[in-house]
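All remarks here apply to the structure that follows.
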Amino acid sequence: MQIIVLLKQVPDTDEVKMDEKTGTMIREGLQAIINPLDLHALEEALRLKEKTGGEVIVVSMGPPQTEEALREAIAMGADSAFLLSDKKLAGADTWATSKALSKAIEKIKDFDLILAGEKATDGETGQVGPEVAAMLDIPFSTYVNRIIEITNDGLIVSRVVEEGYEEQFLPFPCLLTVVKDINEPRMPTLKGKVKARRAELNLLKANDLGLAESEMGLKGSPTRVVKISYPKVSRNTRIYTSKNLDEALEELIGKLKKMALI
Ligand SMILES: Cc1cc2nc3c(=O)[nH]c(=O)nc-3n(C[C@H](O)[C@H](O)[C@H](O)COP(=O)(O)OP(=O)(O)OC[C@H]3O[C@@H](n4cnc5c(N)ncnc54)[C@H](O)[C@@H]3O)c2cc1C
């Protein structure tokens with residue numbers, strides 16, 4: 001089976017901060033990692049390859065340092081990697097991201113399956129997987145927690161819904177976005193790390209995509225971050241150090257008693 005995995009590099013933190021003035025993410029000082037849910041997509045692709053043969057190709061759009069994430073994916077077992085990186089693609093919203101990724105996928109190879117994470121921990125929209133499928137005009141399923149069966153012409157999958165689980169059949173080629181319950185991602189092996197260090201990554205530029213400049217990056221993004229604001233929490237707060245913890249507890253208990261809460 002020819003499997004493409006969409007993999008995004010994200011800041012290594014759950015607390016993504018936004019620049020209120022520019023409306024962009026503050027990435028300075030943050031380590032970058034593979035989006036944790038994408039590791040589950042990659043693991044599932046590797047397991048399918050082990051069962052059926054074929055190839056696992058990882059694809060990412062991002063700045064040049066995304067190369068590290070792609071090498072890590074090769075160390076885990078991916079066969080090859082494509083990095084789509086170009087200043088013309090910067091500032092892309094989910095629409096422009098999905099358009100660039102789907103054009104890149106069309107250029108790369110015929111495929112049976114695309115796997116993506118349920119969502120990225122920074123942007124967190126969960127839109128890119130379904131958008132890519134729509135742009136490629138292939139069926140998709142989201143929140144997939146199990147691949148039940150591989151048939152000659154498609155997959156039977158289980159997906160998480162509000163009331164429980166739903167089973168769906170998807171003919172090839174198709175796209176799945178996966179949840180973390182689907183598997184436990186493997187660690188890279190030493191042999192894999194050596195292979196990854198030597199691997200030639202395939203680099204794609206904006207001009208390789210056959211898109212007009214007006215369809216790329218910020219210019220091709222129909223959404224705009226108009227304003228960002230954080231909810232203001234106004235509480236009378238006192239911070240105690242461990243030295244006067246007894247005093248703090250006494251005061252807290254006194255206040256709770258006054259409020260008839262204890
Ligand atoms: C107006 C606007 C401006 C923006 N400007 C910037 C900016 O300057 N810099 C910036 O970093 N972000 C920017 N973003 C955020 C950017 O749009 C999203 O990070 C990106 O489109 C992916 O969306 P998401 O993070 O919500 O991914 P989700 O839809 O939550 O991701 C789901 C899955 O799709 C796949 N996927 C998502 N993105 C990629 C990718 N790039 N490569 C490969 N696979 C992927 C992964 O498998 C992932 O698990 C901007 C957003 C808006 C609305």
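Every number for a ligand or one of its atoms is a count from 1 in the order of the listing.
Around ligand 1, the residues contributing at least one heavy atom under 4.0 Å from the ligand are Leu6, Leu7, Lys8, Met25, Arg27, Asn35, Asp38, Val59, Ser60, Met61, Gly91, Ala92, Asp93, Thr94, Thr97, Leu101, Ala116, Gly117, Lys119, Ala120, Asp122, Gly123, Glu124, Thr125, Gly126, Gln127, Val128, Thr223, Arg224, Val225.
Using modelled atom types, one side-chain atom of Lys205 and one backbone atom of Ser85 make a donor-acceptor pair closer than 3.5 Å.
Looking at Glu50 and Arg186, a side-chain N of the basic residue comes within less than 4.0 Å of a carboxylate O on the acidic one, giving a salt bridge.
Taking a 6.0 Å sphere around CD of Glu166, one finds it holds more than 12 heavy atoms contributed by other residues, nucleotides or ligands. Taking a 6.0 Å sphere around NZ of Lys180, one finds it holds 12 or fewer heavy atoms contributed by other residues, nucleotides or ligands. More than 12 non-hydrogen atoms from other residues, nucleotides or ligands lie less than 6.0 angstrom from NZ of Lys49.
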Side chain to side chain contact (heavy atoms under 4.5 Å, CB included) evaluation trace for Leu7 with Leu39: CA-CA 8 Å; Leu7 194 135; Leu39 291 175; 5.8 Å; no
